[in-house]
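These notes are about the structure you will find just below.
Since this is a predicted model, take the numbers as computed values, not measurements. FYI, side chains are in, hydrogens and waters are out, and symmetry mates aren't considered; it's all heavy atoms of this structure. Counting convention: from 1, in listed order, for ligands and their atoms alike.
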Amino acid sequence: MGAAAGETQGSVMSGASGRSGGRKLIVAGGGIPGLTLALALAQAHGPALAVAVHDPALPAGAGRHRGRAYAVAAGGRRMLAALGIWERLGAAAEPITEMVISDSRLADPVRPVFLTFGREADAEDGTPFAHMVEAEPLAAALLDACREAGVALVARGIARLEGAGEGAGDGVRAVAPDGTAETASLVVAADGARSRLREAAGIGWVGWSYPQSGIVATIGHDRPHAGRAYEHFLPSGPFAVLPLADGGALGHRSSIVWTERSRDVPALLGGDAAEVLAEIERRFTPELGRLCLEAGPHAYPLSFGIARRFRGTRLALLGDAAHVIHPIAGQGLNLGLADAAALAEAVTGALRLGLDPGSDAVLQEYERARRFDTLAMGAATDGLNRLFSNDALPLRLARDLGLGLVDRMPVLKRFFIGEAAASRGAQPRLMRGERL
Ligand SMILES: Cc1cc2nc3c(=O)[nH]c(=O)nc-3n(C[C@H](O)[C@H](O)[C@H](O)COP(=O)(O)OP(=O)(O)OC[C@H]3O[C@@H](n4cnc5c(N)ncnc54)[C@H](O)[C@@H]3O)c2cc1C
């Protein structure tokens with residue numbers, strides 16, 4: 001695959017772009033799923049595959065992930081461990097040992113508990129079913145490991161692909177907004193929900209906006225959380241308090257993911273820190289003691305969407321570029337990590353047989369592996385949000401009954417812990433903790 005005239009390696013910040021003299025793969029988007037894919041492939045293939053991540057936000061500015069934390073399910077943890085990332089996280093990964101779910105109105109004096117998950121929900125290997133992982137150290141560990149594995153980190157975006165029509169030869173040209181271009185066997189669009197590459201490839205998107213926003217913040221508190229996570233279903237949407245590693249001004253910390261009607265957000269967050277904390281305390285029982293704000297709040301408009309296809313010519317969609325779901329079950333990033341595991345496995349299978357990693361066969365294998373899982377999780381989170389985020393009495397009764405049932409139905413419980421659609425045996429190797 002020769003470089004076309006006018007091609008450039010551009011502002012390569014690290015790594016050995018182009019060193020393979022053979023196949024090249026470009027990941028457009030250095031979010032957590034994009035970096036994870038790049039690392040998995042660079043570790044598996046070394047100089048046989050040149051891997052580059054292009055993102056105008058590189059190097060990931062320290063502020064970009066500040067105050068964000070994700071519930072990473074057991075499959076994601078196994079994958080990060082197989083890639084050598086988990087051991088680098090240390091205290092940035094806090095186990096969730098129990099999850100308590102309740103449903104009430106804001107003014108209700110008691111919050112009856114309908115569903116609890118304890119150690120019985122743990123993964124088969126006895127490790128906790130999920131950990132809260134802070135985004136900033138996770139992104140930093142991935143970037144360091146990518147540099148060590150020889151991934152080229154390029155501080156510019158990709159605007160479109162050229163030469164991706166019928167019979168795209170053995171490569172496509174990935175063109176940056178400034179017109180510079182590089183040729184690759186496969187380009188991965190990991191450029192987020194408003195993916196420019198998905199749009200440029202003419203891949204349709206089915207979706208809608210929720211009239212809700214997700215507010216994220218880190219709170220400090222003076223009593224320990226004991227690894228317990230809470231999700232209160234309130235009429236405006238779920239309000240979750242999730243355990244983080246000890247630290248901060250009051251000795252202990254938790255992450256808040258708080259769904260509100262978008263029209264109410266300016267009034268709720270417009271005050272000073274004391275007023276925001278008062279709103280948090282109104283929604284949450286006081287067992288954490290004195291509270292303070294450590295980071296945030298930041299509000300994100302919420303939506304649901306799924307790409308009509310997860311592939312184009314020499315193009316794969318990954319992470320939020322392929323699907324966006326409601327954060328009610330904290331599974332969006334987990335889906336992106338599962339995408340990365342499935343695509344890395346499909347590309348690796350082809351390369352080991354000496355085949356083209358950007359061929360339709362590889363991309364079809366990837367799409368088949370991910371589409372059902374994604375649709376199932378998307379439908380479940382949309383349905384749960386519609387069921388819970390309202391105050392109609394018949395629905396309240398129905399969902400109270402429903403949660404009672406969930407407590408008795410391990411299959412439904414698995415939706416909440418991120419291993420709903422695929423049994424562990426059917427998961428990609430990395431999600432089972434095996435190396436490629
Ligand atoms: C309130 C809230 C709470 C959440 N909580 C959880 C949780 O607990 N657990 C969980 O699993 N998920 C959670 N999620 C979902 C999770 O945040 C997303 O699924 C995840 O961040 C998506 O990562 P991504 O890399 O696909 O997209 P993004 O994080 O949007 O990253 C896209 C990257 O692409 C880059 N980019 C953009 N355009 C270009 C271009 N043209 N070329 C190259 N690069 C480009 C951007 O600079 C960016 O770095 C939550 C979401 C919300 C809104």
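Of the protein's non-hydrogen atoms, the one nearest atom 52 (C) of ligand 1 is Arg68 NH2, 3.6 Å. Of the protein's non-hydrogen atoms, the one nearest atom 11 (O) of ligand 1 is Leu333 N, 2.8 Å. The nearest protein atom to atom 13 (C) of ligand 1, hydrogens excluded, is given as Tyr70 CD2, 3.7 Å; this is a heavy-atom distance. What sits closest to atom 42 (N) of ligand 1 on the protein, heavy atoms only, is Ile158 N, 3.0 Å. The protein heavy atom nearest to atom 37 (C) of ligand 1 is Asp191 O, 3.6 Å. Nearest non-hydrogen protein atom to atom 31 (O) of ligand 1 is Arg64 NH2, 3.6 Å. At the top of the distance list for atom 43 (C) of ligand 1, counting protein heavy atoms only, stands His54 O, 3.2 Å.
Side-chain N or O atoms of Asp356 include none that pairs as donor or acceptor with a backbone N or O of Val362 at under 3.5 Å. The main-chain N or O of Gly378 is found under 3.5 Å from a side-chain atom of Thr381 such that the two form a donor-acceptor pair. A donor-acceptor pair is defined here as one N or O able to donate and one able to accept, closer than 3.5 Å; no such pair exists between the side chain of Glu275 and the backbone of Gly270. Counting only distance, with no hydrogens or angles, the side chain of Thr97 and the backbone of Ala226 share a donor-acceptor pair below 3.5 Å. Using a distance-only test at 3.5 Å, with no hydrogens or angles considered, no donor-acceptor pair links the side chain of Asp373 to the main chain of Ala369. At least one donor-acceptor pair under 3.5 Å links the side chain of Tyr366 to the backbone N or O of Leu317. The closest donor-acceptor contact from the side chain of Glu231 to the backbone of Pro238 lies at 3.5 Å or more, if one exists at all.
Assignment of Met132 to the shell around ligand 1 is not supported, since no heavy atom sits closer than 4.0 Å. Under a 4.0 angstrom heavy-atom cut-off, Gly34 registers as lying outside contact with ligand 1.
Look at Arg253 and Glu294 and you find no salt bridge, because none of the NZ, NE, NH1 or NH2 atoms lies under 4.0 Å from a carboxylate O. The pair Asp191-Arg196 does not meet the salt-bridge criterion, since no charged nitrogen lies less than 4.0 angstrom from a carboxylate oxygen. For Arg282 and Glu279, the salt-bridge test passes: some basic side-chain N is under 4.0 Å from an acidic carboxylate O.
Within ligand 1, the atoms closer than 4.0 Å to a non-hydrogen atom of Ala190 are 32 (C), 33 (C), 34 (O), numbered from 1 in the order shown. Within the listing of ligand 1, atoms 27 (O), 30 (O), 32 (C) sit less than 4.0 angstrom from a heavy atom of Gly192. Within ligand 1, the atoms closer than 4.0 Å to a non-hydrogen atom of Asn334 are 11 (O), numbered from 1 in the order shown. With ligand atoms numbered from 1 in the order given, ligand 1 contributes 47 (O) to contacts under 4.0 Å with heavy atoms of Ala57. Every atom of ligand 1 is numbered from 1 in the order shown, and the set under 4.0 Å from a heavy atom of Gly157 is 42 (N), 43 (C). Listed by number with element, the atoms of ligand 1 under 4.0 angstrom from any heavy atom of Pro56 are 43 (C), 44 (N), 45 (C).
By the 3.5 Å distance cut-off applied to N or O atoms, Gly332 is counted among the residues near ligand 1. Considering backbone and side-chain atoms together, Asp320 places an N or O closer than 3.5 Å to an N or O of ligand 1. Between Arg196 and ligand 1, a contact under 3.5 Å exists for no N or O pair. Below 3.5 Å of separation, one finds no N or O of Arg156 facing any N or O of ligand 1. Below 3.5 Å of separation, one finds an N or O of Ala71 facing an N or O of ligand 1. Remark: ligand 1 and Gly330 share an N or O pair separated by less than 3.5 Å (distance only, no angle test). Considering backbone and side-chain atoms together, Leu318 places no N or O closer than 3.5 Å to any N or O of ligand 1.
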Pair up each side-chain donor or acceptor in residues 296-305 with any protein partner under 3.5 Å, not counting sequence neighbours, and list the distances.
from, atom 1, to, atom 2, distance (Å)
Tyr300, OH, Arg68, NH1, 3.3

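With a 4.0 Å heavy-atom cut-off, ligand 1 is reached by the side chain of Val216 but not by its N, CA, C or O. At a heavy-atom distance under 4.0 Å, no atom of Ser195 approaches ligand 1.
Distance check: Glu434 CD to Glu345 CD gives 8.5 Å after rounding to the nearest 0.5 Å.
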request  = Please step through side-chain contact (heavy atoms from CB on, under 4.5 Å) for the pair Tyr210 and Thr259, ending with a clear verdict.
outcome  = CA-CA 11 Å; Tyr210 294 113; Thr259 305; over 6 Å; no
| said: Go through it in stages, so that I can follow the logic: the residues are Val276 and Leu293, the test is side-chain contact (heavy atoms from CB on, under 4.5 Å), and I'd like the CA-CA distance, side-chain angles, deciding distance and then a yes or no. | reply: CA-CA 9 Å; Val276 172; Leu293 261 185; 4.1 Å; yes
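Between atom 46 (C) of ligand 1 and the options Ile32, Asp55, Val324, Leu37, the minimum heavy-atom separation is to Asp55. With Pro33, Ala130, Gly31, Gly319 as candidates, the residue nearest to atom 23 (O) of ligand 1 on a non-hydrogen basis is Pro33.
In this pair, Phe239 and His232 present their aromatic rings parallel. The plane angle is below 30°, not in the 30 to 60° band.
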